Structure formats: structure tokens, C-alpha cells
2 protein chains.
Amino acid sequence: MIDAERLLILREVSRHGSKAAAARALTLSEPTVAHHLAALERQAGVPLTTRVGRVTRLTSAGESLLEHANAIADSLASAERAIAQHADLSGGRLRIAAFTSYCAVALPSPLAQFARRYPGVEVGLVETETDDALALLAAGDVDLVIGFADDATPAPRDIAVKMLESDEYLAVMPATHPAARRPTIDVATLADDTWISGCQRCRAHLHALANAGGFTPQIAFQTEDYVTVQRLIAEGLGVALLPRMALAASPEVPGIVTAPTTPTSYREVFLAVPREASAAARTFAGLLAP
Amino acid sequence: MIDAERLLILREVSRHGSKAAAARALTLSEPTVAHHLAALERQAGVPLTTRVGRVTRLTSAGESLLEHANAIADSLASAERAIAQHADLSGGRLRIAAFTSYCAVALPSPLAQFARRYPGVEVGLVETETDDALALLAAGDVDLVIGFADDATPAPRDIAVKMLESDEYLAVMPATHPAARRPTIDVATLADDTWISGCQRCRAHLHALANAGGFTPQIAFQTEDYVTVQRLIAEGLGVALLPRMALAASPEVPGIVTAPTTPTSYREVFLAVPREASAAARTFAGLLAP
DNA sequence: GGTCTCATGATTGACGCCGAACGGCTCCTG
DNA sequence: CAGGAGCCGTTCGGCGTCAATCATGAGACC
């Protein structure tokens with residue numbers, strides 16, 4: 001393969017009209033330029049330069065190489081620009097994966113703030129469950145993950161994780177439920193109720209909490225859509241454990257009541273970036289957790 | 001400036017999914033690839049690769065570099081193709097400069113032969129006087145020159161010159177001229193005639209020949225167009241010295257006669273290529289002078 | 001206008017030194 | 001257990017420089 005460096009030297013010679021001038025432009029010595037040119041000619045098998053008077057000109061073979069040398073110089077300059085943009089956030093990409101209710105409640109505002117501050121960065125958002133989000137991060141398909149963890153499924157330890165906030169799980173019941181008026185609900189009092197559960201992690205959390213309360217929940221409905229969960233509850237079809245944030249994300253549903261549980265339980269919202277996080281990812285992380 | 005070589009290494013890593021595989025593809029060792037990548041990352045200031053499982057993937061910064069690396073690889077491949085075409089005559093250019101009558105008489109056939117044989121080569125022809133043609137050659141604007149020389153203005157010595165043929169100068173007179181019936185003409189018998197001369201070199205030759213014959217020609221008309229010369233002669237306005245080739249190049253003009261001179265004189269048609277002639281120029285030269 | 005001199009560029013050869021490439025090792029992961 | 005990555009120390013190639021010489025226009029001066 002032809003050496004790109006030498007093509008660029010050929011280009012300088014053509015631009016300046018002499019090896020000496022090219023050498024000065026490249027901060028090289030004259031023999032060095034001559035050496036590289038000779039090597040290039042040897043490799044090409046045809047003469048590339050010719051002297052006319054005291055200026056060095058390219059032969060037609062040299063000029064046919066020149067076009068490509070220019071293209072390479074352009075590409076290198078573009079590459080340099082691109083990488084600089086990645087560093088100073090005047091360009092590049094930021095792909096975020098976050099779980100549903102965080103997407104709905106907490107993300108839009110900082111996302112807009114970031115987009116205003118760094119208009120050159122192309123921002124992407126994937127709304128996914130935490131497990132899938134972490135898989136995307138590991139595969140390099142996203143740059144930053146916002147997920148949640150609890151006792152049942154702790155946060156990953158192999159990447160940089162920062163806790164953002166605690167999100168309390170509330171008991172959600174039909175307004176007609178016998179325990180509906182109590183200020184706090186012991187989960188054991190719901191041992192015989194029919195349960196409605198959300199995502200994988202929430203289900204694991206429910207099982208852990210119920211287990212601590214000494215019972216195994218009867219899960220009759222499974223849906224990741226929190227509005228559906230609340231409508232089912234409003235119709236008296238069951239009870240559920242929902243994070244505050246999920247409740248805040250969905251419109252008020254009449255006919256249900258919510259209450260803190262005893263014991264209380266939380267999910268911990270965390271932010272994860274890989275060790276080799278891009279500048280954009282680090283900056284956005286700083287925006288969420290100053 | 002970013003090193004193009006390293007961008008190509010990054011490209012191979014991306015294509016093969018591991019540094020080891022990239023090293024094999026590049027016939028390098030694994031540490032060497034890692035070293036170059038580390039250098040590139042140091043220069044870029046941002047991480048370019050990330051490991052996911054046992055495959056190495058590019059970060060978004062790395063992928064933005066990848067596009068440019070691909071462009072550079074394409075350019076290098078194109079450059080290699082272009083130079084190969086120059087060597088094997090499947091491409092490239094051949095620019096010829098030749099004097100008028102050679103263009104008209106001798107050039108078309110070998111030119112067509114060359115174009116048929118090497119259809120990829122872009123052929124150009126400049127019809128010019130020999131002095132200008134040699135200047136074009138020196139400036140690198142043409143690749144091959146066909147010119148003529150005689151005692152007055154000899155062929156250049158600083159470039160590779162090959163004699164092609166001798167072209168005899170004939171005396172050209174009106175059919176009504178007193179000497180018109182003679183088989184050969186002593187130039188001295190035309191000492192008192194009015195002369196018509198062609199180009200710079202022909203005029204120099206005429207002066208030299210007349211000088212040898214002991215007279216200075218009265219030159220009343222100067223034109224480089226040989227048809228004009230012959231028409232002027234046919235009208236009885238003068239006599240001239242014209243090379244056989246020039247006469248062959250122009251249509252038969254009635255009312256003129258031609259005859260060899262004593263002493264005979266010739267112009268020598270030569271072919272000149274620079275030392276660093278392209279393959280196309282050398283090949284075409286071989287066609288003209290096997 | 002011709003010649004002389006000088007300045008600039010190219011070339012060649014020798015040489016020093018940086019760093020590219022390698023091998024061997026350990027650690028990690030699937 | 002195998003394959004890949006990271007981390008050394010070592011070696012050798014070749015990149016770049018310096019110095020000297022040659023070539024060639026350009027300007028000056030007569």
C-alpha cells in the first residue's frame with residue numbers, strides 16, 4: 001500500500017514548486033523530502049517529478065497522484081475536526097438509554113438544557129428497561145444509562161455508577177379497598193389480595209418485599225404500562241406496588257388510593273457511564289448529578 | 001496532524017472486531033496495533049475503543065473517525081490504481097506536441113494505432129512549431145515532442161532525442177519560371193528571385209543555404225501556411241524552399257513545379273522525450289521509431 | 001548584449017537516534 | 001482452557017539531519 005505520508009509530501013512539493021520550500025513548510029530538511037519522494041517514485045515505478053528551470057513540477061503520473069493526495073489531506077483535516085468536536089462538544093453524538101418513568105418525568109428538562117447548550121451534539125434517547133439499557137451500554141450502542149436498582153437487583157459494579165435519587169414504592173389500591181383509609185399500609189395486610197405487577201425488576205422487588213412480609217403475592221396481571229395498572233386497580237381487579245415516579249408520570253386516575261408501606265422500600269435511580277465515556281456523556285452526567 | 005497510518009489501523013480493528021485479528025490482517029503484532037491505537041487516542045484526547053466481552057468496538061468518537069479512515073483507504077486504493085494504470089497503459093495521459101506537416105502527414109496513423117491499442121490512455125495533440133514544442137516539453141506541459149532540426153538550428157542535446165527521418169527541401173517555383181523545366185535546381189540560380197518563407201526554422205535554414213550559395217534571399221512574404229505559400233508561388237509572386245513533407249501535407253496546387261536542389265538539403269525529423277518520460281510516451285516513441 | 005559571480009536548489013553519503021515491532025509474560029473473560 | 005488484551009524490555013530499521021558537492025538560473029557589471 002502507498003504511504004499516505006509520502007503522498008502528502010508530494011502534495012507540498014507540488015504546492016510550493018520546490019523540494020526545499022516543501023521541506024520548510026513541513027519543517028523537514030531538504031534531503032528528507034527528496035528521500036521520501038524517491039521512495040514514492042520507486043514504489044510507483046514511474047517518475048513523479050521533473051525539474052523545469054529551478055522549480056520542481058509533477059509529471060502527469062505525479063499529478064494523477066496529486067488528486068488523491070488532496071483527498072487524503074481533506075479527509076485528515078475532517079477527521080481532526082470531527083475529533084475536536086467530540087472533545088469540545090461542538091459535534092458528535094450522545095445516546096441515552098433510560099427507563100420509562102424517568103424518561104417521562106425527569107429527563108426532558110435536562111435534555112432540553114443540554115441540547116440548547118450544545119446544539120452541535122446529536123442527541124438520541126432509547127426508552128428501555130434497565131437490564132436492556134445496561135446491555136446496550138455494554139455493547140456500545142448507547143453512551144449513558146439511567147436505570148434503577150433495589151435490594152433484589154443491585155446496581156452494576158463493573159462500570160462507573162452514580163446514585164441520583166431514591167424513589168419510594170407506594171401501595172396502590174382501589175378506593176373501595178378495606179385498607180384504603182390507612183395512612184400507611186403494612187404489606188402483610190395485602191397478602192391475600194390479587195396483585196398486578198409491572199416490569200421484571202418491579203416484580204423481583206415485589207417478591208422480595210412480600211417474602212420479607214411472610215407471603216407470596218398472587219400475581220394475576222402483568223403489564224409495564226402504569227396507566228393500565230392503575231385502571232385495573234380502579235376497577236377493583238387488584239393492588240400493586242408502584243414507585244412515586246411512575247405515579248407522577250401518568251395522569252391522575254380516579255378511584256385509586258396510594259399510601260406508603262411498612263416497611264418502606266425504595267428503588268435507587270442511578271446513572272451509569274462506561275469508563276471510556278465520551279465528553280458528551282460525562283457532561284450530561286454532570287448535568288444530572290452536579 | 002493525525003497519522004493516516006493509524007487511522008487505517010483503527011479501521012482494521014473496527015472491521016475485525018479485535019486488535020489481534022487486525023494485527024493478523026496487517027501482518028503486525030498485537031502490541032504494535034495496541035501501541036498505535038493508544039497513540040491515536042492520546043492524540044485525539046478521547047477514547048476511541050471499548051471492549052465488550054472479547055470483541056473490541058469503537059466508541060462514537062472512534063466511529064466518527066472511522067468514516068474518514070474509510071475515505072482515506074479508498075483514496076489510497078484509487079491512487080494505487082491510478083499509478084498502476086500509468087505504468088501498464090490502461091489509463092493516464094499522453095500529450096504530444098508536433099509540427100504542422102508531421103501532424104498532417106505522419107502522425108494520424110500511429111496515433112490511431114496507439115488509441116486502439118491503449119484505449120484507456122487519454123491522448124492529446126498540440127500542433128506547434130518545434131521551438132515552442134520544446135518549451136512545452138521543458139515546462140512539463142507535454143510528454144513527447146516531434147520536431148525538426150537542420151544545420152542552422154540543431155536538435156537539443158539535453159534531452160533524449162531520436163532521429164526519425166530526413167525530409168528533403170525542394171525548390172518550389174511557378175510553372176512559368178525560367179528554371180522550371182530543370183530536373184535539379186542550383187539554389188544560386190534563384191539568387192535574384194523573390195522568396196517566400198515559412199516558419200522561423202525554415203527561414204533560418206533558407207538563410208544558411210543561400211549563404212552557402214553566395215547570396216542573401218529577398219524575402220517578401222512570410223507565412224506558416226504551406227497552401228498559402230504554394231498559391232503565392234502559383235501566382236508567380238516568388239519561389240520557396242519547402243520540405244517534401246509539407247508538400248505532401250497540402251493538396252496539389254496547379255501552376256507550380258518542384259525540384260531537388262543542389263546542393264541538397266534536409267531537415268531532420270526527431271522525436272524528443274524527457275529523461276523521466278512516462279510509459280505512454282516511451283511506448284508511443286517505440287511505435288514511431290521501432 | 002555578453003560574461004561573471006552569487007544565491008538557491010538538488011543530490012549524495014555518512015551518521016545518530018527515535019520509535020516501531022516483537023516476544024514473553026500476566027491477567028482477564030467466555 | 002483458550003483466546004484476547006495489556007505491559008514490560010530489547011532490537012533493529014529507517015527517518016531525519018548535517019556536511020559537502022554539483023547544477024542552474026538570476027542579477028550585476030562592464
Side-chain angles (χ1 to χ4, degrees), chain A residues 1-10 12-43 47-59 62 134-135 137-140 156-159 274-276, chain B residues 1-43 47-59 62 134-135 137-140 156-160 274-276:
Chain A
M1 180 72 84
I2 288 182
D3 186 359
E5 215 63 47
R6 289 174 173 159
L7 281 185
L8 296 182
I9 291 177
L10 181 77
E12 286 306 305
V13 170
S14 163
R15 291 173 62 173
H16 292 89
S18 83
K19 298 181 184 178
R24 280 192 298 273
L26 293 163
T27 57
L28 290 176
S29 74
E30 201 170 313
T32 303
V33 171
H35 171 73
H36 282 296
L37 238 52
L40 193 59
E41 292 196 342
R42 221 176 318 115
Q43 199 171 0
L48 300 176
T49 60
T50 177
R51 290 188 60 183
V52 33
R54 64 172 38 186
V55 307
T56 298
R57 291 190 48 167
L58 301 192
T59 63
L134 289 173
L137 189 70
R157 316 201 137 222
D158 52 344
I159 52 177
R275 280 182 311 282
E276 64 280 355
Chain B
M1 179 73 86
I2 288 182
D3 186 359
E5 215 63 49
R6 291 176 171 157
L7 280 184
L8 296 182
I9 291 177
L10 181 78
R11 174 167 173 264
E12 285 307 304
V13 170
S14 163
R15 289 173 63 173
H16 292 89
S18 83
K19 299 182 184 179
R24 281 193 297 273
L26 293 163
T27 57
L28 291 177
S29 76
E30 200 173 315
T32 303
V33 170
H35 172 74
H36 281 296
L37 238 51
L40 193 59
E41 293 197 343
R42 220 176 318 117
Q43 198 170 0
L48 300 176
T49 61
T50 176
R51 289 187 60 184
V52 32
R54 64 173 39 186
V55 308
T56 297
R57 291 190 51 168
L58 301 192
T59 63
L134 289 172
L137 189 69
R157 315 201 139 224
D158 53 344
I159 52 176
R275 280 184 311 283
E276 65 279 357

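Just so we're on the same page: letters track the sequence lines, and every chain starts at 1. Just so we're clear, the structure is a prediction, and the values are computed from it rather than from any experiment.
- One can place CZ of A:R42 at 13 Å from C1' of D:dC15, the figure rounded to the nearest angstrom.
- In this structure, B:H35 NE2 and B:E30 CD are separated by 15.0 Å, a value rounded to the nearest 0.5 Å.
- Across all non-hydrogen atoms, the minimal contact from B:S29 to B:T32 is OG-OG1, 2.8 Å.
- Atom CD in A:E30 sits roughly 16 Å away from atom P in D:dA20 (whole-Å rounding).
- Between its opening and closing five pairs, the helix from C:dG1-D:dC30 to C:dG30-D:dC1 changes axis direction by 40°, a value rounded to 10 degrees.
- Rounded to the nearest 0.5 Å, atoms CG (A:L7) and CD (A:E12) are 12.0 Å apart.
- Phosphate contact (OP1/OP2 of D:dG14, side-chain N/O of A:H35, threshold under 4.0 Å): absent.
- Of the residues in residues 4-28 of chain B, those lying under 4.0 Å from DNA chain C by heavy-atom distance are B:R6, B:L28.
- Distance A:L37 CG to D:dG16 P: 13 Å, rounded to the nearest Å.
- Taking atom CG of residue B:D3 and atom C1' of nucleotide C:dA20, one finds them 12 Å apart after rounding to whole Å.
- For the atom pair CG of B:L48 and CD of B:Q43, the computed distance is 10.0 Å after rounding to the nearest 0.5 Å.
- Side chain of B:T59 to main chain of B:P47: a donor-acceptor pair is present (N/O by atom type, distance under 3.5 Å, no hydrogens or angles).
- Not one N or O on the side chain of A:E5 forms a donor-acceptor pair closer than 3.5 Å with the backbone of A:H36.
- Residue B:H36 places none of its side-chain N or O atoms closer than 4.0 Å to OP1 or OP2 of C:dG19.
- Atom CZ of B:R24 and atom OG of B:S18 lie 6.0 Å apart (nearest 0.5 Å).
- Remark: A:I9 CD1 to A:D3 CG distance equals 8.0 Å, nearest 0.5 Å.
- Between D:dT17 and A:T32, a contact under 4.0 Å exists linking OP1 or OP2 to a side-chain N or O.
- Side chain of A:A34, nearest nucleotide from D:dG6, C:dT11, C:dG23: C:dT11.
- For the OP1/OP2 pair of D:dA5 and a distance below 4.0 Å, the side-chain nitrogens and oxygens of B:T56 include at least one atom meeting the criterion.
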Test log, rule side-chain contact (heavy atoms from CB on, under 4.5 Å), inputs A:L10 and A:L37: CA-CA 7 Å; A:L10 181 77; A:L37 238 52; 4.2 Å; yes
